[in-house]
Amino acid sequence: MIRLRKYLKPYILLILLSFILLFGQGMADLFLPELMSDIVNVGIQRSGIEHSSPDVISPQGFEMAVSFMTEEQSKIVHESYTSVKSGSEKYKNLSSSYENLGDEVYVLKDDADREYIDDAFSRSGFTVMMTAADFASLMGENNNNSTFADSSDMDVKMLYIFTSLPMFVEVSKQHIDDAQSTDITMTESIGAAMAKLYYKELGADLGAVQTGYIFKVGIKMIAVTLAGVIASIILSFLASKISSGVARKLRSDVFRKVESFSNAEFDRFSTASLITRTTNDITQVQNIVNMGIRMICYAPILGIGGAILAASTTMSMGWIIILAIVLLLAIMLIVFIVAMPKFRLLQKLIDRLNLVTRESLNGISVIRAFGTENYEIERFDKANTDLMNVNLFVNRVMTFLMPAMTLIMNGVSMLVVWVGSHQIERAEIQVGDMMAFIQYSMMIIMSFLMIAVMFIIVPRASVSGDRIADVLECEISVKDPEEPKKLSEVKGEIEFENVCFRYNGAEKDVLSDISFKAKPGMTTAIIGTTGSGKTTLLNLIPRFYDVTQGSVKIDGVDVREITQHDLREAIGMVPQKGMLFSGNIKSNLLYGRKDAGDDEIAQAAKIAQAEEFILEKPEKFSSPIAQGGTNVSGGQKQRLAIARALVKKAPVYLFDDSFSALDFKTDAALRKALKKYTGSATVIIVAQRISTIMHAENILVLDGGKIVGRGTHNDLLKNCEQYREIAVSQNSANEI
């Protein structure tokens, strides 16, 4: 995948925007448990009272609270409150919210340090409540009076009575120091309970306070959720845009690269493999880019953020998360070790399945002719079964992963509840904190689950990425020169000068010391036994391969010094396999020259002896051609391929065994018409039949990659044994 990183560069800004949205989505998800904790801790347990320090407090309650603070706390609290008396404007405003204000109340100033004041009231309230509980217990034992047995039944007026007693003050001294060192979690809860008593004394509507707080936090949760949803939708759009753009560019570049391949590169990569790399492999890369933007980057945000917030909620249960992470890492490591080797095999098996399928479809006529349908079915079934087995193995690994993750998630939830319940009992944490911790734990586990899934997907995509990069980085053996020469007026003289050629990996040359000239206005024919190198020799002229030694020249210029485009513009070639493309007859003939007129197309078809069967069709030149030309006969396909080359009106024509499917009559008529049409052009014909080339001005006889004879038909019959053997094998002595 790293080798393809340049394809992400055009989308850097979109990727950065995606990261910002990911961060926003992550923060939204991480913020929700905290809000849920506030609803439970404050909205439900504290009746919506957020602060231990009341906004408004009666003078008697104020004096009781500060009397149990340290000297420093008392001083700051006195400075933070102001007295509001009956009849003032502020008093009138307060009376709408409080029914029992009395003649005077104390109101918290706007600029007060609320955090410090809250802490002071929380610890003061803790002292009062703990002392009240001890005092009530003491009074109950001495007087056997159950009225003081339970401090939870006390109201604020009872507390005023208690705190006025000298004995209560004496008992409280031992709790004042304890209150300063007690965990803030415990003092906050008691401080909020005290604030509730102060508000109740003044006649505040506590039900409205609770409802208002829950509604306020609920609105925040909805807003945060909507923000996360919007970020997720935009992120999905951006991820799809980036991944599809990368895939489109990759497919385009792979196709362009394959189009520039010489035959040597096609020998290296099979057609089935190239199809797989262009389709399945690029789809794998597209998926990993899409998921990577949304998961690879999101998982760390969720995991790290969840760990930080879980630790801030309570450190005492951090070991549970560590245990879960260790188990997750162990499972991921096992899955990675087991599954990784299968991914490379998976892509090779897809290649194999494509190869078998393609061969079976292309060779359906041969398969039916030899009655080997059952063999091909078994062959396909084996390739299909092998792929299925590997896919099943990978899927089994994945199915093991999900239950394991679910078990860990449920186990962590149970462990948190078990440990947290004991801590709640000891007032070390609150219920909402435990619930938030569970959610943060799930987020952390989910982040590792995402990473685990990516560990499965990334290796496969990495294999696909490497396969694509192998194509894109493949060194082209046939390249254009840096400073190409231009052919002004191409005459078409072809010259081979001491040419040798060897295929990559071959032990010996296919062609050895080939030298000849093919002159304009003349027909040069090449004949020889099967495997003698005829087609290979012809492929060296348009640079489908480059020579190993020697040189091939056109008009005295080495073909390697000309751009492939300029060289092939000067050549009209009919390959051994007359490939036709889906479309119609006219669109196929226009492959020769896009700007050719209807008269030129008709003339080329007439010379190629294709006019007759074309005009017999209802739609004439608009008659459809199926993929590969499967709806025309072999002879018709060859004639259309010849017509396509003739439309080009090139100075050089190459015919690679292009008359083999024609009957003798059509062959003769075509050659006769071709001679007049080509005129001053250079014509090189590779053929198997003597009758096709016997009238050529120069005939080359190949045997074992060497020229063993050259001359006219009559000369070769006298001087070349190999040529004579071919002639005798095809014709009687009189015909020769």
Side-chain angles (χ1 to χ4, degrees), residues 492 494 518-528 534-535 538 541-542 571-580 585-586 588-593 596 598-617 620-621 623 625 629 631-700 712-713 726-727 730-731 735-736:
I494 302 295
K519 297 181 179 181
M522 297 177 58
T523 299
T524 300
I526 302 171
I527 195 169
K534 303 184 296 298
T535 297
L538 209 64
I541 300 174
I571 297 172
M573 185 171 185
V574 184
Q576 195 170 38
K577 184 179 180 182
M579 177 67 186
L580 298 180
I585 293 175
K586 183 177 180 179
N588 272 273
L589 298 187
L590 284 175
Y591 256 78
R593 197 173 83 250
D598 292 342
D599 292 341
E600 294 174 295
I601 293 173
Q603 183 185 16
K606 184 176 181 180
I607 293 168
Q609 308 302 305
E611 184 182 45
E612 183 180 351
F613 78 82
I614 293 174
L615 296 179
E616 288 177 354
K617 295 179 177 291
K620 308 293 190 292
F621 283 90
S623 299
I625 296 293
N631 61 335
V632 293
S633 68
Q636 291 173 341
K637 188 186 299 185
Q638 273 195 347
R639 281 178 279 175
L640 289 174
I642 293 169
R644 179 173 58 195
L646 296 178
V647 167
K648 196 168 187 179
K649 292 186 177 179
V652 178
Y653 289 99
L654 306 179
F655 298 93
D656 186 6
D657 201 15
S658 308
F659 310 98
S660 58
L662 306 181
D663 59 78
F664 286 99
K665 180 182 177 182
T666 304
D667 185 4
L670 194 155
R671 283 188 287 107
K672 183 178 179 181
L674 186 64
K675 185 66 177 176
K676 294 179 181 179
Y677 184 82
T678 55
S680 60
T682 300
V683 179
I684 301 177
I685 299 175
V686 168
Q688 298 284 354
R689 296 197 306 218
I690 292 290
S691 60
T692 301
I693 64 167
M694 61 189 301
H695 299 293
E697 287 83 357
N698 187 26
I699 301 174
L700 304 177
T712 63
H713 173 69
I726 295 171
Q730 295 181 7
N731 304 281
E735 291 174 328
I736 293 174

Contact between [X] and [Y] at the side-chain level, heavy atoms closer than 4.5 Å - yes or no?
X	Y	value
I601	I585	no
V574	Y653	no
K586	D598	yes

Would you give the length of the straight line joining atom [atom1] of [X] to atom [atom2] of [Y], rounded to the nearest 0.5 angstrom?
X	Y	atom1	atom2	result
D667	T692	CG	OG1	4.0 Å
K620	I614	NZ	CD1	11.0 Å
T712	N698	OG1	CG	9.0 Å
I625	L589	CD1	CG	8.5 Å
M694	I527	CE	CD1	11.0 Å

Give a yes or no answer on whether the side chain of Y677 reaches the backbone of I607 with a donor-acceptor pair at less than 3.5 Å. no

Spell out, as yes or no, whether a donor-acceptor pair under 3.5 Å connects the side chain of K648 to the backbone of I571. yes

Inspect the surroundings of CZ in F613 and state if more than 12 heavy atoms from other residues, nucleotides or ligands are less than 6.0 Å away. yes

K672 NZ: over 12 foreign heavy atoms closer than 6.0 Å: no

Salt-bridge criterion met for R593 and E600 (N-O under 4.0 Å): yes

Provide the closest heavy-atom pair for L590 versus A596 in the form atom of the first, atom of the second, distance. CD2-O, 3.7 Å

Ignoring hydrogens, what is the shortest heavy-atom contact between A518 and T524? Give both atom names and the distance. CB-OG1, 3.4 Å

Please determine, by modelled atom types, if T535 and D657 share a side-chain donor-acceptor pair under 3.5 angstrom. no

Residue among R644, K637, M579 satisfying side chain to side chain contact (heavy atoms under 4.5 Å, CB included) with N588: R644

